[in-house]
Amino acid sequence: MKLRNGIHVRIREHDGKNTNFMILLGYIIMSHPDWKKSHLKIFLTSTKEDFSEVKEVLEKRIAEGRLPITLANIEFVTMDEGCKFSDVVEKYSSQAALTIVGFHEDRLKHDPMNLFTDFNNTGDLFFVNSSNAKEIK
């Protein structure tokens, strides 16, 4: 059953407002009885030049208790220059039952079609955008 392949949450540097919400949605979905044999996997994806800064910000948010996870729950993935985010998602999450992806509202203004259609070889996708940061307590 595909649900056993889990839920993948894809976090990027511009997902500051979406991160808590995306993780919370993953846990809420997993609490449903149909998903009881599933698991949640979180990926932090960034370019090589921004990676250490993005990782440091995430580590700080976790240490402050602003994210309901530990570093052990996160797989860190660096993107090569010129590589598209959708290619990285397809590489690591093509077999996931559900992939939760955040997006920034500016992408809707500049490239709305490719935002949602670039993911050709990925299973079910759940796109998340939060206009305000969500505190999870």
About how many Å separate [atom2] of [Y] and [atom1] of [X], when rounded to the nearest 0.5 Å?
| X | Y | atom1 | atom2 | answer |
| --- | --- | --- | --- | --- |
| N20 | L25 | CG | CG | 11.0 Å |
| K91 | T122 | NZ | OG1 | 13.5 Å |
| D80 | T47 | CG | OG1 | 10.0 Å |
| I42 | I100 | CD1 | CD1 | 9.5 Å |
| I74 | K55 | CD1 | NZ | 9.5 Å |

Subject >> Shortest non-hydrogen contact from L44 toward L58 >> reply: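 Heavy-atom minimum between the residues: CD2-CD2, 3.9 Å.
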Subject >> Closest contact, heavy atoms only, G6 versus S38 >> reply: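 Here G6 and S38 meet closest at CA-OG, 3.1 Å.
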Subject >> Chi angles and distances behind the side-chain contact (heavy atoms from CB on, under 4.5 Å) call for V77, V88 >> reply: CA-CA 8 Å; V77 178; V88 175; 3.7 Å; yes
Answer yes or no: is there a side-chain heavy-atom contact under 4.5 Å between [X] and [Y]?
| X | Y | result |
| --- | --- | --- |
| V89 | T99 | yes |
| T78 | S46 | no |
| L40 | N73 | no |
| I7 | Y27 | no |
| K48 | M79 | no |
| E75 | Y92 | yes |
| M22 | T19 | no |
| V101 | V128 | no |

Original post:
What salt bridge (charged side-chain N to carboxylate O under 4.0 Å, His left out) pairs are there with at least one residue in residues 22-32, not counting sequence neighbours?
Top reply: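 Those involving residues 22-32 do not exist here.
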**OP:** Quick one: sort the F51 and F76 rings into parallel, tilted or perpendicular, breaks at 30° and 60°.
**Re:**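 Perpendicular: the ring planes of F51 and F76 meet at over 60°.
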Subject >> Atom CD of E49 with >12 non-hydrogen neighbours under 6.0 angstrom >> reply: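 Correct, the count exceeds 12.
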**OP:** Verify whether one side chain among R10 and S93 offers a donor that lies under 3.5 Å from an acceptor in the other.
**Re:**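 Present: a donor and an acceptor within the cut-off.
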Subject >> Working for ring-ring contact (aromatic ring centres under 6.0 Å, His included), residues F127 and F119 >> reply: CA-CA 11 Å; F127 291 93; F119 302 88; 5.7 Å; yes
Original post:
Quick check, are the ring centers of H8 and F43 under 6.0 angstrom apart?
Top reply: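 Centroid distance H8-F43: below 6.0 Å, so yes.
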**OP:** Tell me, please, which residues at least two apart from N120 pass side-chain hydrogen bond (donor to acceptor under 3.5 Å, both in side chains).
**Re:**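 Result, side-chain hydrogen bond (donor to acceptor under 3.5 Å, both in side chains) vs N120: none returned.
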Original post:
Among all residues two or more places apart in sequence or in another chain, which pass the side-chain hydrogen bond (donor to acceptor under 3.5 Å, both in side chains) test with E90?
Top reply: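 By the side-chain hydrogen bond (donor to acceptor under 3.5 Å, both in side chains) rule, E90 matches no residue at all.
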Original post:
Do any N or O atoms from the side chain of N129 and from the backbone of F103 form a donor-acceptor pair under 3.5 angstrom?
Top reply: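 Side chain of N129 to backbone of F103, a donor-acceptor pair under 3.5 Å: yes, one is there.
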